[in-house]
Number of protein chains: 2
Amino acid sequence: MRKRKTPYGLFESRAKVAKALAHPSRLMILDALEEAPHCVCELTELVGADQSTVSKHLSVLKSAGLIQGRREGSLVWYSLSVSCLKGFWNCIDGVLKNDVDVRRQALKK
Amino acid sequence: MRKRKTPYGLFESRAKVAKALAHPSRLMILDALEEAPHCVCELTELVGADQSTVSKHLSVLKSAGLIQGRREGSLVWYSLSVSCLKGFWNCIDGVLKNDVDVRRQALKK
DNA sequence: TTCGCATATGGCCGTATAGCCATATCGCCA
DNA sequence: TGGCGATATGGCTATACGGCCATATGCGAA
C-alpha cells in the first residue's frame with residue numbers, strides 16, 4: 001500500500017464538517033438556506049424543536065464553516081457559506097435510490 | 001417561509017451518510033479507496049487501530065452505501081460505491097482553507 | 001474434518017451529542 | 001435606563017458512538 005500523503009489533520013477537519021452534516025434537523029436547515037437566508041425564528045418553526053436546540057444546531061453549522069450569521073436588528077439571518085452541498089446530495093441521493101437494488105444484488109451472491 | 005417539499009425521511013437518509021463520513025479513520029479509509037480497492041488487513045494497518053474496530057468502521061461505510069465488499073478467498077476487498085466524494089472534499093477543503101480569514105473578518109465587526 | 005488466517009460480531013466502558021428548561025445576552029424602543 | 005422580543009449559553013439526563021478484548025464465522029490447505 002502506498003504511503004499516505006494526506007495528513008491526518010485534514011481528515012479530522014473534514015470529519016468535523018461531516019459531523020455538522022450528520023443530523024436531519026441540520027440538513028433541513030441547510031436545505032432551507034439553499035433557497036434563501038432565514039432568521040432563527042423561522043428555522044425554529046421549520047425544525048419544530050426548542051429554540052435553544054435550533055440555536056445550538058446553528059452554532060454547530062457555523063463553527064463548521066457551513067453557514068454564517070448576520071445580525072440585523074434583533075434578528076440574526078443565517079445563510080450558506082458553501083456551494084457544494086446541493087451537488088453532493090444529488091449524487092448521494094442517487095446512490096440511496098439505487099441502494100435497494102444494490103442490496104438485492106448483494107443477496108443473490 | 002415557503003412550505004418544505006423535501007420529506008423528512010430524505011434528511012434522515014442523508015444524515016446516515018453524513019454520520020458515516022463523520023470520523024477521521026473512515027475518511028482515511030475512503031481516501032485510500034479512491035486510489036484502489038483494499039482488503040481489511042491493509043486498511044487495518046493504514047488506520048492503525050484494532051482489526052475489530054476497522055471492521056466496524058467498514059460496516060458503517062457499507063451500510064451507508066458508500067463502499068462495497070467483495071470476498072476473494074479469505075480476503076475481503078473493499079471499494080468505493082460513490083464517485084462524488086473527491087469533488088465534495090475539494091470544495092469543502094477550500095472552505096476550510098478560507099476559514100481563518102473568515103474568522104478574522106468576523107472578529108473585525 | 002481439522003487447523004489456521006482473515007474478517008465479523010458481541011460485550012463492556014468511557015466519552016460525546018441532542019434534547020429540554022432555565023437563564024444570560026443582545027438590540028430596539030419607550 | 002428599563003422592559004421586551006430574539007438569540008445564545010449553561011446545566012442536566014438519556015442515548016449513541018468508538019475503542020478494545022474475546023470470540024464467532026468463513027474459507028482454504030493439509
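Proteins get letters first, then strands, A, B, ... in listed order; numbering begins at 1 in each. For clarity, every value in this text was computed on a predicted model and none was experimentally measured.
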Exercise. Can you hop from Leu10(B) to Phe88(B) via hydrophobic side chains spaced under 4.5 Å?
Worked result: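 No, Leu10(B) does not connect to Phe88(B) through the hydrophobic network.
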Exercise. Quick one: do Val47(A) and Leu30(A) end up in the same hydrophobic cluster if we chain Ile, Leu, Val, Met, Phe, Trp and Tyr together by side-chain heavy atoms under 4.5 Å apart?
Worked result: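 Yes, Val47(A) connects to Leu30(A) through the hydrophobic network.
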Does [X] place a side-chain N or O at less than 4.0 Å from the phosphate oxygens OP1/OP2 of [N]?
| X | N | result |
| --- | --- | --- |
| Thr53(A) | dA18(C) | no |
| Tyr78(B) | dA6(C) | no |
| Arg71(B) | dA6(C) | no |

Problem set entry | Check: Glu34(B) side chain, Asp31(B) main-chain N or O, donor-acceptor pair, under 3.5 Å |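 No: the side chain of Glu34(B) does not pair with the backbone of Asp31(B).
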Exercise. Which is true for Lys19(A) with a 4.0 Å heavy-atom rule: it touches a base, it touches only sugar-phosphate, or it touches nothing?
Worked result: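 Lys19(A): backbone/sugar contact only, no base atoms under 4.0 Å.
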Problem set entry | Donor/acceptor link under 3.5 angstrom from Gln51(A) side chain onto base of dA6(D) |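 No such pair is found, so the answer is no.
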For this session: Give a yes or no on whether a donor-acceptor pair under 3.5 Å exists between the nucleobase atoms of dC4(D), that is its base, and the side chain of Ser74(A).
Result: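 By the distance-only test, no, there is no pair.
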Exercise. If you measure from CZ on Arg26(B) to CG on Leu21(B), what distance do you get to the nearest 0.5 Å?
Worked result: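 The CZ atom of Arg26(B) sits 8.5 Å away from the CG atom of Leu21(B).
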Quick one: [X] [atom1] to [N] [atom2], roughly how many Å, whole number?
| X | N | atom1 | atom2 | answer |
| --- | --- | --- | --- | --- |
| Leu61(B) | dT7(C) | CG | P | 16 Å |
| Lys16(B) | dC17(D) | NZ | P | 11 Å |
| His38(B) | dA6(C) | NE2 | C1' | 17 Å |
| His57(A) | dA8(D) | NE2 | C1' | 14 Å |
| Leu21(A) | dT17(C) | CG | C1' | 16 Å |
| Asp50(A) | dT13(D) | CG | P | 18 Å |
| Lys56(A) | dC12(D) | NZ | P | 12 Å |
| Arg70(B) | dC27(D) | CZ | P | 13 Å |

Exercise. Between Leu75(A) and Ser52(A), who's closer to the 5' end of DNA chain D by nearest nucleotide?
Worked result: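 Looking at DNA chain D, the more 5' nearest nucleotide goes with Leu75(A).
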Exercise. Any idea which of dT7(C), dG19(D), dA8(D) is nearest the Val40(A) side chain?
Worked result: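 Looking only at side-chain atoms, Val40(A) lies closest to dA8(D).
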Problem set entry | Side chain of Val76(B) - closest among dA8(C), dA6(D), dA8(D) |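 Output: dA8(C).
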For this session: Could you check Glu72(A) against Arg26(A) and say which one's nearest nucleotide on DNA chain C is further toward the 5' end?
Result: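 Nearest nucleotide further toward 5': that of Arg26(A).
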Problem set entry | Arg70(A) and Glu72(A) ion-paired at < 4.0 Å |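 Salt bridge: yes.
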